[in-house]
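These notes are about the structure you will find just below.
Per chain, numbering begins at 1; letters A, B, ... match sequence-line order.
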Number of protein chains: 2
Amino acid sequence: MKNKMNEHRKKLGFSQDKLAEKLGVSRQTIISIEKGRYNPSLPLAMIIAELFDTSVENIFFLEQDDYK
Amino acid sequence: MKNKMNEHRKKLGFSQDKLAEKLGVSRQTIISIEKGRYNPSLPLAMIIAELFDTSVENIFFLEQDDYK
DNA sequence: CCTTTACGTCAAGTTTGCTTTACATATATT
DNA sequence: AATATATGTAAAGCAAACTTGACGTAAAGG
């Protein structure tokens, strides 16, 4: 799964630290999601979408290997 | 977090078993999500939305305690 | 120089998502 | 009465999401 976290974050002019704080998660979580190390949980993804004022589908994108 | 899995599943006339199969997960996973025991992962939520021909936001709904 | 800000890695530990297996119950069909 | 279908519970185990803490690097400003 791909995502446009970095893009959206920069559009808001937030540092990873500030974004983490706004979302109520650790900075490691932001880094890991941006770097594609793992996916956010569904509730976190929805809170992110809300903060970025868009839909989950405009930030996160399924890829072939997400389907089994 | 609440969801309308049951509603959407029945609209398609699928049993839990059949839905599980279509999604490539176990029947337990469907039961657990429908019963609200836990949330699907983000990729699974997006695959579910795709199968139900709608958006993640039309199936899953944030509640107060999803925010920290 | 020195400190601060921003981004990054690594590692250990807890919690949550998902699997498998086994078993229970209710309804319908033969 | 017996079998099938659909839904449910419970428990054990593995993998993924998330946390905290320690440390590294580079750029910018005093």
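Rounding to whole angstrom units, OH of residue A/Y38 and C1' of C/dT16 are separated by 13 Å. Taking atom CE of B/M1 as the reference point, atom C1' of D/dA17 lies 15 Å away to the nearest angstrom. Rounded to an integer number of Å, the gap from A/L23 CG to D/dT19 P is 10 Å. In this structure, A/K18 places its NZ atom 17 Å from C1' of C/dC7, rounding to the nearest Å. Remark: C1' of C/dA6 and CG of A/L19 are 13 Å apart, rounded to the nearest angstrom. Straight-line distance from the CD atom of B/E21 to the P atom of D/dA6: 11 Å, rounded to whole Å. In this structure, A/N6 atom CG and C/dA6 atom C1' are separated by 12 Å, rounded to whole Å. Atom-to-atom, CZ of A/F60 to C1' of D/dA17 comes out at 13 Å; the value is rounded to the nearest Å.
Listed nucleotides C/dC7, D/dT7, D/dG8 differ in distance to B/K35; the shortest reach to its side chain belongs to D/dG8. For B/R27, the listed nucleotide lying nearest its side chain is D/dT7; candidates were D/dT20, C/dT9, D/dT7. In this structure, of C/dG8, C/dC18, D/dC18, it is D/dC18 that holds the atom nearest to the side chain of A/S41.
B/N39 has a side-chain polar atom (N or O) that falls below the 4.0 Å cut-off from OP1 or OP2 of C/dG17. Remark: A/R9 is in phosphate contact with C/dC7, judged by side-chain N or O atoms under 4.0 Å from OP1 or OP2.
Residues B/F14 and B/V25 fall within the same hydrophobic cluster, defined by Ile, Leu, Val, Met, Phe, Trp and Tyr side chains chained together at heavy-atom separations under 4.5 Å.
No side-chain donor-acceptor contact under 3.5 Å links A/T29 and A/S32.
Not a single donor-acceptor pair, N or O on each side, falls under 3.5 Å between the base of D/dG8 and the side chain of B/R37. Put simply, the side chain of B/Q28 and the base of D/dT7 share no donor and acceptor less than 3.5 Å apart.
Remark on DNA chain D: of its neighbouring residues A/G24 and B/Q16, the 5'-side contact belongs to B/Q16, judged by nearest-heavy-atom nucleotide. Residue order along DNA chain D, read from the 5' end via each residue's closest nucleotide, puts B/E34 first among B/E34 and B/P43.
A/D17 comes within contact range of no nucleotide atom at all, as no heavy-atom separation falls under 4.0 Å.
In summary, A/E34 and A/R9 engage in a salt bridge, as defined by a charged side-chain N under 4.0 Å from a carboxylate O.
Residues A/L42 and B/S41 fail the side-chain proximity criterion, which asks for heavy atoms closer than 4.5 Å.
Applying the side chain to side chain contact (heavy atoms under 4.5 Å, CB included) test between A/F52 and each of A/K4, A/K11, A/M5, A/E7 identifies A/M5 as the sole match.
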